[in-house]
Amino acid sequence: MWADLAGIGRAPGDAGGYRRFVWSDADLTLREWFVGEANARGLGVHEDRAGNLWAWWGDPTAGDAVVTGSHLDSVPSGGAFDGPLGVVSGLLAVDRLLETGTMPDRPIAVVAFSDEEGGRYGIACGGSRVLTGLLPAERALALRDDDGVTQAEALRASGRAEAAFGADPEVLRTVGTFVELHVEQGRGLVDLDAPVGVASAIRGHGRWRFDLAGRPDHAGTTRLEDRDDPMLTQARLVLAARDAAARHDAVATVGKVLVEPNAVNAVPARVQAWLDARADDDEVVRAVVAEVAGAIGVEAVEESWTPRVDFAAGLRDRLVERLGGVPVLPTGAGHDAGILASVGVPSAMVFVRNPTGVSHAPDEHAETADCLAGVDALATVLEELAWE
Ligand code: HGY
Ligand code: MN
Ligand code: MN
């Protein structure tokens, strides 16, 4: 299964990693792969109104389903494990349970959430936010990618009707518990020398855009005192972000910048820069963003905000106990499990050790033995939750 995914959506050029943007050809191929794997197991496949794919074992209308899964899309030049490990592990855990020859007392599903990374349209967990109504369909459809293509246009190009795109309360209601397996994006499990762990919380995190206007002019003939160069403000933005994060217990990143006209010999007309800021405390994130905006005198336009989520202690501790006392650790990475938890769906996460902690980069890795330990843990958890 892993080898089947390895060739889908490789990033162009020598950057390495994957480029699996929602509604791209890579995404559509990944969706076909998911449907094929589900059909091969006799699981019923359903795509909900938000574009998320569900593979069902049992009748979803029975409700109180035990759902696992993650996402198949990636950040640009992302690693192989962030997302797909949770989907593959979910299918393999179901294989283990199918082998028992007994039917679960609750329906079980493996879900592939759409557009978790927001790599194309900029909003984290797009598919689960639309599913739950946290992101209105009209706003989602109007989002434009860096080439100016709206999600509505991309949806139509994929053969889907935008009129049908939106929240899907009927599907959401079928979910009793959601458990997402994910490669750890950090070194917590390495430092604890443990292959598997359970999440305690997801730190609050958001994305803000800064529109920096300038006056385009010739790089060689325009005197310095005559310039209105937005790249100078951009430089102050990056340094202000690092300074504010360092002074607070936060992290801040300016990883995406669009420059117009992006010419070596022209003073830019416009620079757009995105700030990703995260902290244990939501108010700290807000303070960092406000300080950055104040430092450069430019409004921070909020594009995506995910409040801190503390996973329900009862479910968390039940999994820890069932898994024999594995470590419990927070994460600074957002996940669909956090979105479902934020709308009241009992949710939990199982982490698999990442030997370097590196993620959102081609070097992201997890050892096969640890991945199989993750499948064992997930099968154990699903059995615990889906059988009386
Ligand atoms: O950005 C995140 O934290 C997640 O990987 N989407
Ligand atoms: Mn990610
Ligand atoms: Mn992820």
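Atoms within a ligand are numbered from 1 in the order they appear, just like the ligands themselves. Quick note: numbers below take in every heavy atom, side chains included, and nothing from hydrogens, waters or symmetry partners.
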Student: Under 6.0 Å from the ring centre and within 45 degrees of the ring axis: does the NZ or CZ of R286 meet both conditions for the six-membered ring of W305?
Tutor: yes
Student: Looking only at N, O or S atoms, which one in H71 sits nearest to the Mn ion (ligand 3)?
Tutor: NE2
Student: Keeping R209 on the side-chain end and V301 on the backbone end, is there a donor-acceptor pair under 3.5 Å?
Tutor: no
Student: Please determine if the Mn ion (ligand 3) has an N/O/S atom from H335 lying under 2.8 Å away.
Tutor: no
Student: Would you call E47 and R31 a salt bridge, using N to O less than 4.0 angstrom?
Tutor: yes
Student: Let me know which of D280, D282, D281 forms a side-chain contact (heavy atoms from CB on, under 4.5 Å) with V284.
Tutor: D281
Student: Please work out which of the three classes, parallel, tilted or perpendicular, describes the rings of F81 and W2, given edges at 30° and 60°.
Tutor: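 It falls in the tilted class, 30° to 60°.
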Student: Any N/O/S atom, backbone or side chain, of D336 lying under 2.8 Å from the Mn ion (ligand 3)?
Tutor: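 No, outside the cut-off.
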Student: Report the angle formed at the Mn ion (ligand 2) by atom OE2 of E117 and atom NE2 of H360, rounding to the nearest 10°.
Tutor: 110°
Student: Report, as yes or no, whether the 6.0 Å neighbourhood of atom CZ on R242 holds more than 12 heavy atoms from other residues, nucleotides or ligands.
Tutor: no
Student: Checking ring pair (Phe, Tyr, Trp, His ring centres under 6.0 Å) for the pair F113/F178: CA distance, chi angles, key distance, verdict?
Tutor: CA-CA 12 Å; F113 278 108; F178 177 58; 5.6 Å; yes
Student: Aromatic rings H71 and H182: how do their planes relate, parallel, tilted or perpendicular, breaks at 30° and 60°?
Tutor: tilted
Student: Has E116 got an N/O/S atom less than 2.8 Å from the Mn ion (ligand 2)?
Tutor: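 Looking at E116, which is the residue asked about, there is no N, O or S atom under 2.8 Å from the Mn ion (ligand 2).
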Student: Any protein N or O within less than 3.5 Å of an N or O in ligand 1? List each pair with its distance, or say none.
Tutor:
| residue | atom | partner | partner atom | Å |
| --- | --- | --- | --- | --- |
| ligand 1 | 1 (O) | R278 | NH2 | 3.0 |
| ligand 1 | 3 (O) | R278 | NH1 | 2.6 |
| ligand 1 | 3 (O) | R278 | NH2 | 3.3 |
| ligand 1 | 3 (O) | G334 | N | 2.7 |
| ligand 1 | 5 (O) | E117 | OE1 | 3.3 |
| ligand 1 | 5 (O) | H360 | NE2 | 3.0 |
| ligand 1 | 6 (N) | E116 | OE1 | 3.2 |
| ligand 1 | 6 (N) | E116 | OE2 | 3.0 |
| ligand 1 | 6 (N) | E117 | OE1 | 2.9 |

Student: Let's go through R270 and L212 carefully: what are the C-alpha distance in whole Å and the side-chain angles of both, what is the deciding distance for side chain to side chain contact (heavy atoms under 4.5 Å, CB included) to 0.1 Å, and is it a yes or a no?
Tutor: CA-CA 6 Å; R270 182 170 81 142; L212 312 176; over 6 Å; no
Student: Check D82 and report its N/O/S atom nearest to the Mn ion (ligand 2), by atom name.
Tutor: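 Output for this pair reads OD2.
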